[in-house]
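Read the structure below first, then the notes.
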Amino acid sequence: MLDIRKIRENPDFYRERLARRNSGDEKSVALLLALDEKRRKTLQESEALKSERNRASKEIGAIKAKGGDIAEKSAEVKKIGEQISALDQEIVRIETEQNDLLLRTPNINHDSVPVGTSAADNRVERIVGEPVKLDFKPKPHWEIGAQLGLIDLEAATKISGSGFIVFRGAGARLQRALINYLLDLHTLQHGYTEVSPPFLVRGESMIGTGQLPKFAEDMYRVEEEPPLYLVPTAEVPVTNLHREEILAADRLPIRYAAYTPCFRREAGSAGKDTRGMIRVHQFDKIELVHLVTPEESYATLEVLVGHAERVLKDLGLHYRVLSLCTGDIGFGAAKCYDLEVWAPGVGAWLEVSSCSNFEDFQARRMNLRYKNGEGKNIFCHTLNGSGLALPRLFIALLETYQQADGHVLIPEPLRPYLGGQQSL
RNA sequence: GGACAGGUGGCUGAGUGGUUUAAGGCACUCGACUCGAAAUCGAGCGUACCUUCACCGGUACCGUGGGUUCGACUCCCACCCUGUCCGCCA
């Protein structure tokens with residue numbers, strides 16, 4: 001959520017920055033300012049009347065103590081009370097409208113974010129490793145998976161519909177091995193605290209990280225009163241761990257790593273990515289979350305990307321790092337790097353991680369602050385990144401390490417998690 | 001799910017309709033005293049919003065939301081949470 005006071009002080013800056021996103025959100029600035037002006041004016045009126053009422057009520061107390069007649073004064077104050085009540089209703093109405101608009105307005109982007117209109121304008125920061133050299137035509141993962149009995153897409157469709165996966169045998173075991181490998185790497189070597197959060201969250205949490213109110217149609221909702229949402233990413237429960245808190249300065253930085261399944265409706269997604277297990281409604285992911293001070297958030301973003309890249313390097317996979325442009329970056333991110341791994345079977349770069357600095361965008365929504373050295377309450381900066389998303393990592397492993405004889409080699413770091421097994 | 005008890009600042013704890021401007025204590029910060037410290041003494045010490053260049057000032061907040069009243073920490077209603085006991089349960 002953007003700071004209305006900063007918008008008030010520098011509307012042109014916000015208009016220009018929002019316009020860079022190419023989403024039309026800069027139109028909200030004028031609307032927000034009008035609401036803000038109205039709100040403050042009404043608030044002043046109401047508060048002046050309240051001051052008047054407080055003063056008069058005390059007088060009544062004094063008159064009564066002396067045994068005087070309060071009828072006239074009473075009627076006068078009652079009238080003031082009615083005016084106050086009308087103004088306060090108006091204030092609530094304006095605040096609700098302003099707040100709703102703020103919750104639907106995206107973050108502005110950091111100076112270093114490339115300006116552009118679509119994924120084509122994303123900047124390639126670096127390409128790491130080489131595409132694997134195979135002396136045969138690489139097969140796509142769905143063929144490899146079916147041959148080795150690792151995945152069963154037809155069974156998944158039968159029980160849940162399209163966009164779901166059933167892992168079987170060694171495939172299921174590989175999934176489990178990847179979860180353990182990734183959690184161990186990040187907790188033991190990168191200093192993250194492991195968290196195992198609920199997979200169902202309340203609407204407030206979804207607002208906190210920015211999925212609601214704008215992207216409700218992408219989420220699975222459980223009809224409860226109040227409703228619950230299936231987590232689209234561990235970012236939601238984990239970042240919200242400290243919502244509504246004022247953290248002592250010495251508790252920062254906080255680093256959490258969490259495994260959860262992720263549930264996404266991905267409405268309207270049809271086309272080239274839908275074959276096999278590239279885009280599914282439920283997938284496993286290890287998520288990394290940082291809560292930091294504003295001063296260190298951009299340095300932390302680089303560290304976070306490094307932690308995600310470490311996985312791909314250790315597993316010997318070919319990948320590239322993109323800096324997402326203003327037209328492609330997510331709603332809440334001030335800056336975002338995507339990691340894409342090369343999948344030779346499908347011949348495509350697949351996104352396996354998205355590492356974002358939200359600055360104080362999420363912290364404002366969830367009222368997450370820390371007390372700095374001067375005793376001031378400051379909004380934290382929040383970051384998160386996948387480390388990594390499993391299905392596409394699974395795809396890259398199968399397609400990269402496939403052998404002419406149909407087997408798949410297991411990269412060294414994963415072998416201890418598969419009982420020393422060297423191939424599938 | 002049921003019964004009972006409770007929810008007031010960082011902590012503790014008073015406050016049953018009107019100088020509550022939320023007492024007192026602890027902790028913390030600053031100052032005095034001291035060679036230094038302890039003890040002691042003095043002062044300060046919540047959050048948010050509005051206003052102001054700033055000082056000053058105003059409003060709201062005692063679990064949450066409503067209600068009664070000229071006026072609510074205090075009375076009424078609903079809900080939430082915590083504790084204890086009981087029930088159910090992988």
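Chain letters run A, B, ... following the sequence lines, proteins first, then strands; residues in each count from 1.
Aromatic rings of A:Tyr220 and A:Tyr229 (six-membered ring for Trp) have centroids beyond the 6.0 Å cut-off, not under it. Separation of the A:His290 and A:Tyr192 ring centroids falls under the 6.0 Å cut-off. Ring to ring, A:Phe167 and A:Phe394 are close: their centroids are under 6.0 angstrom apart.
Distance from the side chain of A:Lys371 is smallest to B:U47 among B:U59, B:U47, B:G18. Considering only side-chain atoms of A:Lys58, the nucleotide from B:A60, B:U47, B:U21 that sits closest is B:U21.
With C1' as the reference atom, B:G10 and B:G1 are 37 Å apart, rounded to whole Å. Taking atom P on both nucleotides, B:U64 is separated from B:G9 by 10 Å, rounded to a whole Å. B:C62 and B:U52 are spaced 28 Å apart, taking the P atom of each and rounding to whole Å. Straight-line distance between the P atoms of B:G36 and B:C26: roughly 25 Å, to the nearest whole Å. Only the P atoms considered, B:G17 is 22 Å distant from B:G24, to the nearest whole Å. Taking the C1' atoms as reference points, B:G63 lies 7 Å from B:C80, given to the whole Å. On the P atoms, B:G6 is 29 Å away from B:G71, given to the nearest whole Å. Spacing of P atoms, B:C28 relative to B:U84, comes out at 31 Å, to the nearest Å.
The CZ-P distance, from A:Arg202 to B:C79, rounds to 17 Å in whole Å. A:Leu49 has its CG atom 11 Å from the P atom of B:U59, to the nearest Å. In this entry the distance linking NZ of A:Lys73 with C1' of B:U69 reads 17 Å, nearest Å. The CD-P distance, from A:Glu95 to B:A60, rounds to 15 Å in whole Å. Regarding A:Glu82, its CD atom lies at a distance of 10 Å from the P atom of B:G71, rounded to whole Å. Distance CZ (A:Arg39) to C1' (B:C49): 7 Å, rounded to an integer number of Å. Between the P atom of B:C49 and the NZ atom of A:Lys6 lies a distance of 12 Å, rounded to the nearest Å. Rounded to whole Å, the distance from CG on A:Asn54 to P on B:G57 is 16 Å.
With a cut-off of 3.5 Å on both Watson-Crick or G-U wobble distances, the partner of B:C81 is given as B:G6. The nucleotide B:C53 finds no pairing partner, because no Watson-Crick or G-U wobble arrangement with both distances shorter than 3.5 Å includes it. Pairing of B:U69, defined by two Watson-Crick or G-U wobble distances under 3.5 Å, is not identified with any nucleotide. Judged by Watson-Crick or G-U wobble contacts below 3.5 Å, the nucleotide B:G24 has B:U12 as its partner. Across all strands shown, B:C88 has no partner, as no Watson-Crick or G-U wobble contact with both distances under 3.5 Å is found. With both pairing distances under 3.5 Å, B:A60 is matched to B:U47 as a Watson-Crick or G-U wobble pair.
Aromatic ring pairs are classed by plane angle as parallel below 30°, tilted from 30° to 60° and perpendicular above 60°; the pair A:His186 and A:His190 is tilted. In this pair, A:Tyr256 and A:His242 present their aromatic rings parallel. The plane angle is below 30°, not in the 30 to 60° band.
A side-chain donor-acceptor contact under 3.5 Å links A:Lys335 and A:Ser112.
A:Arg8 comes within 4.0 angstrom of the backbone, heavy atoms only, and of no base. Counting any heavy atom pair closer than 4.0 Å across all strands shown, A:Ile60 reaches a base atom.
Comment: A:Asp88 engages A:Lys50 in a salt bridge, judged by a side-chain N to carboxylate O separation of less than 4.0 angstrom.
The side chain of A:Arg40 places no N or O atom within less than 4.0 Å of a non-bridging phosphate oxygen (OP1 or OP2) of B:C49. For A:Gln44 and B:U51, the shortest distance from a side-chain N or O to OP1 or OP2 is below 4.0 Å. Contact annotation: A:Arg5 side-chain N/O to B:C49 OP1/OP2 distance is under 4.0 Å. Under 4.0 angstrom from either OP1 or OP2 of B:U59 there lies at least one side-chain N or O belonging to A:Ser51.
For the pair A:Arg53 and A:Asn377, nearest-nucleotide mapping onto RNA chain B gives the more 5' position to A:Asn377. RNA chain B is contacted by both A:Gly61 and A:Ser74; A:Gly61 maps to the nucleotide lying nearer its 5′ end (nearest heavy atom per residue).
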